[in-house]
Amino acid sequence: MTAAAAQRSTKAAPARKNAERVPWIDWMVLPTVGVLAVVIGYPVIYTLVLSTTKYNMLDMVPPRYIGGGNYEHLISDPIFWTSLRNTVVYTFGSVIVSSLLGLALALLTESLTGWRFRSVRALLLTPWAVPFVVVAFLFRYMYLQNGGVINAVLLDVGLIDKPVLWLNNSALALPAIMAANIWAMMPFFFLLLSAALAAIPNEVIESARIDKAGTWSMVFHIKLPFLKSALFISSLLMIISNFNDFAKIWAMTQGGPGYSTTTLVIYVYWLAFENFDFGYASAIGVVWLVLLLVFALVYLRAIRMNP
Amino acid sequence: MNTKATSVPTGVRRISAGRIVKYAAIALALFWSLAPVYWMLATSFKTELEATRIDPTPIPVEPTLANYIGLGGQSLPFFAFFFNSVISCLATAIIAVIIATPAAYSLSRARFRLRGPISYSVLLFRMLPLVVMLAPLYLLLLNARLLDSLAGLVVGFTTFGLPFAVWMMKSFIDAVPIEVEEAARIDGYPRWQILLRVVTPLILPGLLTTGTFVFMEAWNNLIYPITFMTTMDKQTLPAALVLTFTGQFKTDWGGMMAASTVTTVPLMIAFFAVQRSMVRGLTSGAVAGA
């Protein structure tokens with residue numbers, strides 16, 4: 001990775017030196033800036049403003065400024081804290097498990113060659129091409145108490161003695177959704193890590209082999225250090241997209257039973273579009289935005305420290 | 001690419017317990033990845049009765065096309081849902097790529113002062129939780145009279161499609177050697193011709209990959225259509241699945257799985273069409289990107 005970056009900067013340097021200034025190339029960025037200012041900049045600023053107001057669409061009165069009122073409410077709102085905890089468990093649990101599984105699979109399939117590798121890879125990538133909503137319904141169907149194939153198999157094998165109500169049990173619902181999420185997400189890690197593995201220079205592997213490195217020390221001392229940055233960046237991307245995951249949870253449990261699968265997305269959605277409490281929903285959105293930014297900054301800093 | 005492992009002379013030791021465990025693990029992974037997809041397909045050919053049997057049948061006993069035929073039937077406009085999804089996602093992908101590519105080129109090659117802050121904000125925008133923007137965006141579309149229209153939906157999809165497209169196209173353009181452009185410049189070609197004749201063909205696979213990715217993300221999106229579309233006929237396919245099949249009392253799982261299969265097929269086609277260049281795009285974008 002560092003080699004690639006170095007290569008790129010040496011390529012970019014002469015361009016900077018002898019580039020004649022072509023102003024319209026600078027201006028080509030403008031359409032994007034303009035569109036983003038309208039569809040993102042404006043909503044974000046509006047959210048900041050709304051978060052300081054009391055504004056319920058159903059009241060039919062315009063937003064009223066209440067300063068930090070929404071933020072005070074938030075601190076003493078147990079559902080906010082529950083959904084924050086669920087978000088953290090859901091996100092990090094899914095990402096950790098699926099990245100480890102993806103890593104294991106990338107290492108396992110590494111020795112396959114030619115068509116064998118290509119076909120195994122294509123088959124393992126299949127879940128990635130299943131739309132989130134379909135993942136949700138498919139697993140909901142498989143989790144059914146009566147007629148659900150998962151219960152039927154577990155009963156047959158003898159692991160359980162009566163059907164389990166996976167999605168109706170407040171202790172099991174979140175892990176059950178996470179399993180579906182892991183299923184859908186693992187191919188992403190597998191693909192990225194396979195590619196990163198293939199990019200390890202052959203000489204490194206050869207010289208380690210001459211030093212008689214065993215399989216495990218090869219993995220831990222040679223391959224993992226090479227994969228580290230790919231692993232970091234892909235986890236960051238997936239953590240961010242999991243923070244935002246709405247489709248799977250909404251289509252499987254809508255946040256229930258109780259609040260056991262309510263994440264921040266679900267809670268904000270519920271506040272804004274079932275209660276029409278836009279002010280309070282915006283305040284939670286702002287807090288969440290700040291948390292996410294802090295997380296991303298810390299994470300990127302951590303990567304830069306061990307390149 | 002994967003010659004390292006095979007270059008070791010194979011001895012008797014290689015056909016060992018370790019090897020068996022390895023192949024068993026790969027087989028298990030294949031089963032884990034494919035079994036649910038198989039189950040969706042198998043169920044879509046089952047009768048309503050068979051789909052909810054206490055002892056599920058691995059292969060449909062009396063395969064039937066009724067579930068698929070039912071989708072074209074009276075009660076629900078499935079063709080309309082399908083059409084809405086394809087149109088809105090395709091429009092988003094095309095618009096995002098058209099707007100993003102010049103910006104990506106500019107951010108990759110030009111050296112103006114705001115380049116850093118702009119690239120950084122685009123990356124940040126990529127991380128924004130969609131739901132945070134939902135309420136203001138809803139009010140924005142309401143005022144622009146774009147609620148309940150495919151155009152409004154495309155505006156919504158653009159919020160995540162555009163930053164993503166800029167970022168991904170930038171990584172594809174970064175990978176084009178600057179020497180190619182310089183050679184053309186020395187030959188005296190004007191800059192716009194270099195862009196059209198030299199750069200564009202080189203980034204064509206990137207355009208296709210990026211467009212497909214935006215299409216997939218839009219296809220996966222549920223929160224915008226269920227919020228912005230109020231007329232049932234105007235829903236996208238995934239949103240319609242959520243809104244129609246979650247009956248309070250019982251769900252027609254055979255029909256549900258047929259509808260799910262139909263929802264999956266376009267995404268599968270798109271996905272496998274660009275699978276190869278996707279590896280490159282994602283690795284250069286995601287691995288070397290930060």
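Below, read A as the first sequence line, B as the second, and so on, with proteins coming before strands; counting in each chain starts at 1.
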Please report the shortest heavy-atom distance between [X] and [Y], naming the atom on each side.
X: A/Asp26; Y: B/Ala110; answer: OD1-CB, 3.0 Å
X: A/Ala129; Y: B/Thr264; answer: O-CG2, 3.6 Å
X: B/Pro56; Y: A/Ala152; answer: CD-CB, 3.3 Å
X: A/Thr32; Y: B/Ala103; answer: OG1-CB, 3.1 Å
X: B/Ile99; Y: A/Val35; answer: CD1-CG2, 4.0 Å

Please flag which part of [X] lies under 4.5 Å from any non-hydrogen atom of chain A: side chain, backbone, both or neither.
X: B/Asp55; answer: neither
X: B/Leu139; answer: side chain
X: B/Met268; answer: both
X: B/Leu195; answer: side chain

Does any part of the side chain of [Y], heavy atoms only, come nearer than 4.5 Å to the side chain of [X], both counted from C-beta?
X: B/Val131; Y: A/Phe246; value: no
X: A/Thr47; Y: B/Met133; value: no
X: B/Leu107; Y: A/Met28; value: no
X: A/Asn244; Y: B/Phe160; value: no
X: B/Val166; Y: A/Leu36; value: no
X: B/Pro163; Y: A/Ile40; value: yes
X: B/Phe157; Y: A/Val39; value: no
X: A/Tyr269; Y: B/Thr227; value: yes

Sidechain-backbone polar pair: A/Trp183 side chain, B/Trp32 backbone, donor-acceptor under 3.5 Å: yes
Side chain, backbone, both or neither: which part of [X] has an atom under 4.5 Å from a heavy atom of chain B?
X: A/Phe278; answer: side chain
X: A/Ala184; answer: neither
X: A/Leu108; answer: both
X: A/Ala283; answer: neither
X: A/Leu297; answer: side chain
X: A/Leu155; answer: neither
X: A/Ala281; answer: neither
X: A/Tyr55; answer: side chain
X: A/Leu124; answer: both
X: A/Val33; answer: side chain
X: A/Leu30; answer: neither

Which residue out of A/Phe243, A/Trp24, A/Phe276 racks up the most heavy-atom pairs below 4.5 Å with chain B? A/Trp24
Just so I understand: if I count every heavy-atom pair under 4.5 Å between each of A/Leu144, A/Leu105, A/Val153, A/Val38 and chain B, which residue has the most? A/Leu144
To the nearest 0.5 Å, how far apart are [atom1] in [X] and [atom2] in [Y]?
X: B/Phe272; Y: A/Thr126; atom1: CZ; atom2: OG1; result: 4.0 Å
X: B/Met216; Y: A/Phe132; atom1: CE; atom2: CZ; result: 8.0 Å
X: A/Ile25; Y: B/Arg191; atom1: CD1; atom2: CZ; result: 3.5 Å
X: B/Trp253; Y: A/Arg140; atom1: CH2; atom2: CZ; result: 4.5 Å
X: A/Asp245; Y: B/Leu222; atom1: CG; atom2: CG; result: 10.0 Å
X: A/Tyr141; Y: B/Met257; atom1: OH; atom2: CE; result: 7.0 Å

Could you walk me through whether B/Thr263 and A/Val133 pass the side-chain contact (heavy atoms from CB on, under 4.5 Å) check? CA-CA 9 Å; B/Thr263 312; A/Val133 167; over 6 Å; no
Evaluate the side-chain contact (heavy atoms from CB on, under 4.5 Å) criterion for residues A/Thr109 and B/Ile26: first the C-alpha distance (whole Å), next the side-chain angles of each, then the deciding distance (0.1 Å), finally the verdict. CA-CA 7 Å; A/Thr109 53; B/Ile26 295 176; 4.1 Å; yes
Using a cut-off of under 4.5 Å for heavy-atom pairs, which of [options] has the most such pairs with chain A?
options: B/Val122, B/Ile269, B/Leu141, B/Ile226; answer: B/Ile226
options: B/Ala51, B/Ala100, B/Ala35; answer: B/Ala51
options: B/Ser260, B/Pro36, B/Ala29; answer: B/Pro36
options: B/Thr261, B/Leu114, B/Leu134; answer: B/Leu134
options: B/Trp219, B/Trp192, B/Phe271; answer: B/Phe271
options: B/Leu130, B/Leu137, B/Leu30; answer: B/Leu30

For the residue pair B/Tyr138 and A/Phe273, does the interplanar ring angle fall in the parallel (under 30°), tilted (30 to 60°) or perpendicular (over 60°) class? perpendicular
Kindly determine whether B/Ile223 and A/Trp250 satisfy side-chain contact (heavy atoms from CB on, under 4.5 Å), including the steps that lead there. CA-CA 9 Å; B/Ile223 200 160; A/Trp250 189 256; over 6 Å; no
Does the side-chain contact (heavy atoms from CB on, under 4.5 Å) test come out yes or no for A/Tyr46 and B/Leu140, once each step is laid out? CA-CA 10 Å; A/Tyr46 198 32; B/Leu140 184 84; over 6 Å; no
